[in-house]
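Here's the structure, in structure tokens; my notes come after.
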Amino acid sequence: AQTVTQSQPEMSVQEAETVTLSCTYDTSESDYYLFWYKQPPSRQMILVIRQEAYKQQNATENRFSVNFQKAAKSFSLKISDSQLGDAAMYFCAMDSNYQLIWGAGTKLIIKP
Amino acid sequence: GAVVSQHPSWVICKSGTSVKIECRSLDFQATTMFWYRQFPKQSLMLMATSNEGSKATYEQGVEKDKFLINHASLTLSTLTVTSAHPEDSSFYICSARRGQGGGANYGYTFGSGTRLTVV
């Protein structure tokens with residue numbers, strides 16, 4: 001079965017510090033996409049970053065970067081220089097057969 | 001670009017009535033759209049996948065006759081909750097897949113969600 005696991009229900013970080021959110025997944029596919037989505041209190045799902053499995057280079061988007069370890073099936077998200085606006089639920093998702101498989105989410109709290 | 005408009009954003013209805021939720025892709029054609037349900041503090045639960053011009057594919061445990069999905073055009077999918085009951089109260093989110101796998105534009109865009117309260 002294809003699964004996505006986020007083992008951290010909640011994380012907190014001091015403003016301006018760096019935090020890493022964990023995500024592991026399981027699939028028998030060799031080519032797939034991985035995503036991190038942010039869901040703020042408004043509940044609008046916002047794409048944070050996308051990684052294509054066949055690309056070895058880790059994706060980056062400004063303060064957001066991933067550590068993609070294909071062999072270990074790990075896809076962690078690093079947020080640098082955390083800001084108050086980063087407070088949200090973060091979901092890891094895997095695109096399997098053109099359908100998203102979701103992790104349970106991690107609530108990120110930013111301490112001012 | 002790649003905007004999905006979902007309406008209404010919130011709705012309150014009486015038990016036994018039906019409610020229709022619309023999901024429109026504004027600047028791209030969405031061959032495939034997805035409908036999710038999200039309970040408080042939980043992840044998204046896929047209800048069904050709709051493809052333009054064909055019947056929706058429902059996930060196991062989702063009642064087809066209660067949650068009617070129509071995807072009549074490449075830009076519009078609707079979810080109708082029929083004979084709604086309090087247990088149907090939830091947050092419903094639509095999503096549209098855009099682009100082709102392997103393309104730079106490939107991904108999923110989400111509507112802003114609909115909070116349904118059945119009283």
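Computation of the quantities below employed the complete heavy-atom set of this structure, encompassing side-chain atoms and omitting hydrogens, waters and symmetry-equivalent molecules. Bear in mind that the values here come from a model prediction, so they are computed numbers and not experimental data. Every chain is numbered from 1 and lettered A, B, ... according to where its sequence line falls, protein lines coming before strand lines.
Interface residue A:Met45: backbone and side-chain heavy atoms are both found under 4.5 Å from chain B. Contact of A:Gln39 with chain B is made through the side chain alone, with heavy-atom distances under 4.5 Å. Interface remark: B:Thr49 contributes side-chain atoms only to the contact with chain A (heavy atom separation under 4.5 Å). Both the backbone and the side chain of A:Arg43 come within contact range of chain B, with heavy atoms under 4.5 Å apart. Proximity to chain A involves both the backbone and the side chain of B:Gln38, based on heavy atoms less than 4.5 angstrom apart. Heavy atoms closer than 4.5 Å to chain B are found in both the backbone and the side chain of A:Tyr98.
Ring-plane geometry between A:Tyr33 and A:Phe35 is classed as parallel, the angle between the planes falling under 30 degrees on a 0 to 90 degree scale with a further cut at 60. The aromatic rings of A:Phe75 and A:Trp36 lie parallel to each other, with less than 30° between the two planes, well short of the 60° mark.
Considering only heavy-atom pairs separated by less than 4.5 Å from chain A, the leading option among B:Phe34, B:Phe110, B:Tyr36 is B:Phe110. Of the residues considered (A:Leu47, A:Asp95, A:Ile101), A:Asp95 shows the highest number of contacts with chain B, using heavy-atom pairs under 4.5 Å.
Note on B:Lys20 versus B:Glu22: no salt bridge recorded, every NZ/NE/NH1/NH2 to OD/OE distance being 4.0 Å or above.
Side-chain contact of A:Tyr25 with A:Tyr32: a donor-acceptor pair under 3.5 Å is present, judged by distance alone. A donor-acceptor contact closer than 3.5 angstrom links the side chains of A:Thr27 and A:Gln2.
More than 12 heavy atoms of other residues, nucleotides or ligands sit less than 6.0 Å from atom CD of B:Glu87.
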